[in-house]
K.L.:
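Here it is: the structure, laid out below.
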Amino acid sequence: MKDFNDIAKNIAEDAVRYAKQNKIVLDHTRESVQNVDTILGAYHDSLDKYDGEEGAKTLWNVAVVFGTYIGEMMLRSGLAEKGFVWVDDDGLPILRIPDGKTAVSPISKAHKRILNGVEDSMKSFVDVAFSIVDGGWPKTGVLRVPDVETASGEKTERIIFKEAEQYISLVAEGKEDFVIFKSHDGFFQFYGLGDQFVCEAWFDLGGRRAYALIDPDCADTERVSLVTPFGRYTPRKRDIISLEQLKTAVHAYFSTLEKADFLAKVPHEKMDM
């Protein structure tokens, strides 16, 4: 991919010109993000006009234009001074400090704003991003925005907690064998069926940092049979947790950035590797 830093400013200016034609001002200030919300909201309200492959392509191109504008505005508003630049993340331009962990994906967020509506507010996205970058966002805030991968091969980038419910349901209803949430420092995975699940959390993959979530009320470490539509597993009885416990663990994973904070909230045992 051509270095996006060389073309991003021109794409952002396309957004400015489009907005001007519709009597909307985009002046590269943080306040202008509300006007981007207005523009993308209009596309969301007209989703039925963009069906089929061509419609999906049009909406993605709109997300690229206005997501790039948001990214360029954020760079002007302080991210550039902190070392952020556009980098290629598997074909998707995102903002990140080279070799750094904190990444910002305004294009993906703009696409979600179009598809999901006001619940994926661009203003909220920008405010949270600056809070994280400036060190002002508490550890207990909703900080993880992981990618998700299912056993069938579906991959979705950067989901928030309220979107995780559907992936839990896919496993619980026997439609998927397992689901993996991939974050900057490792991953969280689970499999099961109905009200019985086995769940693991892996952190900092270079070390012995894998954890099995456990039922704190069960001390039985004997192997038992766990049958799903995808096969028969033999986890320890202590390793089988309920649907409610799984949902609690997923929420804890999404709502804490630090491994120690997550482990403090969920019963677990260190796994031998």
K.L.:
Just checking, any donor-acceptor pair under 3.5 angstrom between side chains of Glu200 and His268?
P.N.:
no
K.L.:
In a check of ring-ring contact (aromatic ring centres under 6.0 Å, His included) between Tyr233 and each of Phe178, Phe190, Tyr191, which one passes?
P.N.:
Tyr191
K.L.:
Rounded to the nearest 0.5 Å, how far apart are CG of Asp89 and CG of Leu95?
P.N.:
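Rounded to the nearest 0.5 Å, the CG-CG separation comes out at 11.5 Å.
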K.L.:
Return the OG1 to CD distance between Thr150 and Gln166, rounded to the nearest 0.5 Å.
P.N.:
10.5 Å
K.L.:
Counting C-beta onward and ignoring hydrogens, is there a side-chain heavy-atom pair between Phe130 and Val126 closer than 4.5 Å?
P.N.:
yes
K.L.:
Applying salt bridge (Lys or Arg N to Asp or Glu O under 4.0 Å), name anything that partners Lys155, two or more places apart in sequence or on another chain.
P.N.:
none
K.L.:
Sequence neighbours excluded, which residues qualify as salt bridge (Lys or Arg N to Asp or Glu O under 4.0 Å) partners of Glu154?
P.N.:
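Applying salt bridge (Lys or Arg N to Asp or Glu O under 4.0 Å) to Glu154 gives none.
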K.L.:
Flag the pair Ile240 / Phe197 as yes when at least one side-chain heavy-atom distance between them is below 4.5 Å, and no otherwise.
P.N.:
no
K.L.:
How long is the span from the CG atom in Asn116 to the CD atom in Glu163, to the nearest 0.5 Å?
P.N.:
6.0 Å
K.L.:
Looking only at side-chain N and O atoms, does Tyr69 offer a donor or acceptor that is under 3.5 Å from a partner on Ser32?
P.N.:
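Short answer, yes.
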K.L.:
Check whether Asp215 reaches the backbone of Asp239 with its side chain - one donor and one acceptor, N or O, closer than 3.5 Å.
P.N.:
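Side chain of Asp215 to backbone of Asp239: no pair is present.
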K.L.:
Looking at CG of Asp14 and CZ of Phe66, how far apart are the two atoms once the value is rounded to the nearest 0.5 Å?
P.N.:
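Answer for the CG-CZ pair, Asp14 versus Phe66, is 9.0 Å.
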K.L.:
Answer whether the closest heavy-atom distance between the side chains of Phe187 and Gln189 falls below 4.5 Å.
P.N.:
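Yes; the side chains approach each other to less than 4.5 Å.
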K.L.:
Which heavy atom of Leu26 sits nearest a heavy atom of Ala15, and at what distance?
P.N.:
CD1-O, 3.6 Å
K.L.:
Answer with yes or no whether the side chains of Arg232 and Ser225 bring together a donor and an acceptor at under 3.5 Å.
P.N.:
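Yes, side-chain donor-acceptor contact under 3.5 Å.
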K.L.:
Do Asp3 and Asp6 have side chains that approach each other closer than 4.5 Å (heavy atoms only, starting at C-beta)?
P.N.:
yes
K.L.:
If you look at every heavy atom in Leu246 and Ile168, which pair is closest and at what distance?
P.N.:
CD2-CG2, 4.0 Å
K.L.:
Within 45° of the six-membered ring axis of Phe84 and under 6.0 Å from that ring's centre, is NZ or CZ of Arg96 located there?
P.N.:
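No - Arg96 does not lie over the ring of Phe84 by the 6.0 Å and 45° rule.
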K.L.:
Is Arg236 paired with Asp220 through a side-chain N to carboxylate O contact shorter than 4.0 Å?
P.N.:
no
K.L.:
Please determine whether the number of non-hydrogen atoms from other residues, nucleotides or ligands lying under 6.0 Å from atom NZ of Lys259 exceeds 12.
P.N.:
yes
K.L.:
Does any part of the side chain of Val148, heavy atoms only, come nearer than 4.5 Å to the side chain of Ile180, both counted from C-beta?
P.N.:
no
K.L.:
Does some side-chain heavy atom of Pro229 sit less than 4.5 Å from a side-chain heavy atom of Leu193?
P.N.:
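Yes, at least one pair of side-chain atoms sits under 4.5 Å.
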K.L.:
Evaluate Arg30 against Arg76 for side-chain contact (heavy atoms from CB on, under 4.5 Å), listing each step before the verdict.
P.N.:
CA-CA 9 Å; Arg30 282 184 63 171; Arg76 290 192 187 192; over 6 Å; no
K.L.:
Which heavy atom in Ile114 sits nearest to a heavy atom in Leu59, and how many Å separate them?
P.N.:
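Scanning both residues, the minimum pair turns out to be CD1-O, 3.6 Å.
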K.L.:
Determine whether Leu213 and Gln245 make a side-chain contact, defined as any pair of heavy atoms from C-beta on separated by less than 4.5 Å.
P.N.:
no
K.L.:
Is it the case that over 12 heavy atoms from other parts of the model lie below 6.0 angstrom from the NZ atom of Lys20?
P.N.:
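For Lys20, atom NZ is not crowded (no more than 12 foreign heavy atoms under 6.0 Å).
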K.L.:
Donor-acceptor pair, Glu149 side chain versus Lys182 backbone, under 3.5 Å?
P.N.:
no
K.L.:
Just one of Phe254, Phe262, Phe161 clears the ring-ring contact (aromatic ring centres under 6.0 Å, His included) bar with Phe181, so which one?
P.N.:
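With Phe181 as partner, ring-ring contact (aromatic ring centres under 6.0 Å, His included) holds for just one option, Phe254.
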K.L.:
Just by modelled atom types, is the Ser121 backbone N or O under 3.5 Å from a matching donor or acceptor in the Ser124 side chain?
P.N.:
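Not at all, since once roles are kept as given, no pair shorter than 3.5 Å links the two residues.
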K.L.:
With distance as the sole test, does Asp177 use its side chain to make a donor-acceptor pair with the main-chain N or O of Ala151 at under 3.5 Å?
P.N.:
no
